[in-house]
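In what follows, chains carry the letters A, B, and so on, assigned in the order in which the sequence lines appear, proteins first and then strands, with residues in each chain numbered from 1.
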There are 2 protein chains.
Amino acid sequence: MNGMGEVRQIDTATRILDAAEALFVEHGFEATSMRMITQRAEVNLAAVNYHFGSKDALFQGVFTRRLTPLTQLAVQSLDKLETAAKGEPLSVDAIMHAFMDAALDIAHDPKRGGVIFVRLLSRTFIEAHPVLRESLPRHYEELVGRYASATAKALPHIDPVELQWRLNFAFSAIFNAFAGNNILRLFVSDPVVNARAPRLIATYLVPFVVAGLTAPAIAAGTSPDVNRA
Amino acid sequence: MNGMGEVRQIDTATRILDAAEALFVEHGFEATSMRMITQRAEVNLAAVNYHFGSKDALFQGVFTRRLTPLTQLAVQSLDKLETAAKGEPLSVDAIMHAFMDAALDIAHDPKRGGVIFVRLLSRTFIEAHPVLRESLPRHYEELVGRYASATAKALPHIDPVELQWRLNFAFSAIFNAFAGNNILRLFVSDPVVNARAPRLIATYLVPFVVAGLTAPAIAAGTSPDVNRA
DNA sequence: GTATGTTTCAAACAACCGTTTGACTGAATC
DNA sequence: GATTCAGTCAAACGGTTGTTTGAAACATAC
């Protein structure tokens, strides 16, 4: 491809991105040092600052590399559904499948992150790092907005506030499931579930969140009791 | 109480625990340094190593201080329900309320952690630190086991594997909601929901997870398609 | 008052952090 | 062939990390 013949070792910048991505997923941002990254990537220590400028900028690059394809895929997946529906509301099931299929597509494509991508994705909203706090909303704004309004249209009888809560719960379950943060694995010593097979997760995950989202609205009278005690 | 009259400042060890707890919730384990802790606790730097031995041991102490009361409360809350039911299966709604009430009790008692407790609780399964990986399962084993079998008894028609998945999703949503990790706040700039009022969260959270847990079982035929692609 | 054991304190420890420097390499440009 | 410039490299930068030290300060017991 580059006329140099044979595989020729990968670009230094992407080798750094790959190493940083894997280490960040495994250890988190703060616990991952420059020396760990450069050692794994088999590049010189100074290479990170040369190619990316700083550690913060590197991690911003790690995220945007994976997130951009996801948001594009997920949005265009919803586009297809909505044009086919010709203005009619979609089913919540179809909406959730649209998002899940986009994530699964990338999860099964090693060139776009593969299995490690979904775990990185889940890190994005768990990590509290300021670098992500300002750059991520811009990335997710369109994605979340589109899916939120599609869900609102599918569930017109649900109060908007309650729906926003439910979407929050749903995405929490989704991202945590994909993160491999198998909570049961943390609690019990030998769980039967294996959180590493994305498509297996989705099989059980979609019905769960769909049921949660489409549950009957809570009685309006229960709201005030929030302030008791 | 100690004959010295008046309030008399709090014990050094607990002042350290309080400071470490707050900082750990806010910044995470790795990003919280000894000097941040001792400065906030207004104690000498060496006091942490003197009273706890190491930073790792300190954080283990931070968690066990809060987790032990929760598991006790949650288990005995389930005990009361089960003895009242005289062997009959409980409703999933009652089970989830039992757990949530235990968490809310502690969340509203400043002496047992208050609002910060629930966020600490959620940190326990997000943080990947090895110290927690080995100590937490022992703490949670009874709690999860009891609630899992109670749920299994309430939903005998659900396959055990699928039920374990659903419990995983449910607890993910619960802990993330309490963590204040409002995923929508990260994605959209101005969400209407406020994730800091535990009882308000519970009002919306319980119906969501109950609906997810009690959803119809997935068709047995859909299982094999997991291996496609 | 002296002795004993516990707690606090300022100071220093080696190790690691992210970043910068300046010399060196190799290929492209004139 | 000299020049240019993106890229790599070993070495060092100042600063922070968790931890240790040995001397003070303290309360309690004899």
Rounded to the nearest Å, what distance is computed from the [atom1] atom of residue [X] to the [atom2] atom of nucleotide [N]?
| X | N | atom1 | atom2 | value |
| --- | --- | --- | --- | --- |
| B/D11 | D/dC26 | CG | P | 18 Å |
| A/L23 | C/dC17 | CG | C1' | 16 Å |
| B/Y50 | D/dA25 | OH | P | 17 Å |
| B/N49 | D/dG22 | CG | P | 16 Å |
| A/Q39 | C/dG18 | CD | P | 13 Å |
| A/R35 | D/dA11 | CZ | C1' | 11 Å |
| B/I37 | D/dG18 | CD1 | P | 7 Å |
| B/L45 | D/dT19 | CG | C1' | 8 Å |

ask   = Does the distance from a Lys or Arg side-chain N to an Asp or Glu carboxylate O, for A/R112 and A/D105, drop under 4.0 Å?
value =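 Looking at A/R112 and A/D105, the cut-off is not met.
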request  = Name the nucleic acid region contacted by A/A47, choosing base, sugar-phosphate or nothing; use a 4.0 angstrom heavy-atom cut-off, strictly under.
outcome  =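 No contact at all - A/A47 keeps every heavy atom at 4.0 Å or more from the nucleic acid.
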query = If you look at every strand shown and take non-hydrogen atoms under 4.0 Å, does A/T38 touch a base, only sugar-phosphate, or nothing?
reply =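 Nothing: the residue A/T38, judged by heavy atoms under 4.0 Å, touches no strand.
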ask   = Does B/H51 put a side-chain nitrogen or oxygen below 4.0 Å from OP1 or OP2 of C/dT8?
value =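 For C/dT8, OP1/OP2 do have a side-chain N/O of B/H51 under 4.0 Å.
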query = OP1 or OP2 of C/dT7 less than 4.0 angstrom from a side-chain nitrogen or oxygen of B/T12, does that happen here?
reply =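 It does not, given that no N or O in the side chain of B/T12 lies less than 4.0 Å from OP1 or OP2 of C/dT7.
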inquiry  = Counting only side-chain heavy atoms from C-beta out, which of C/dT19, D/dT8, C/dA10 sits nearest to A/N44?
reply    =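 For the A/N44 side chain, the nearest candidate turns out to be D/dT8.
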key: Nearest-neighbour nucleotide for the A/A46 side chain, D/dT21, C/dT19, C/dT21 considered   =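 Among the listed nucleotides, the one closest to the side chain of A/A46 is C/dT21.
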ask   = Is there a donor-acceptor pair under 3.5 Å between the side chain of B/R166 and the backbone N or O of B/L213?
value =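 Checking the backbone N and O of B/L213 against the side chain of B/R166, a donor-acceptor pair under 3.5 Å is found.
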Ring-ring centroid check A/F63 A/F24, cutoff 6.0 Å =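 They qualify: ring centres under 6.0 Å apart.
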message = Is the distance between the ring centroids of A/Y140 and A/Y147 under 6.0 Å?
response =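 That pair fails the under 6.0 Å test.
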query = So A/F171 and A/F99, ring pair (Phe, Tyr, Trp, His ring centres under 6.0 Å) or not? Walk me through it.
reply = CA-CA 11 Å; A/F171 279 113; A/F99 177 82; 5.6 Å; yes
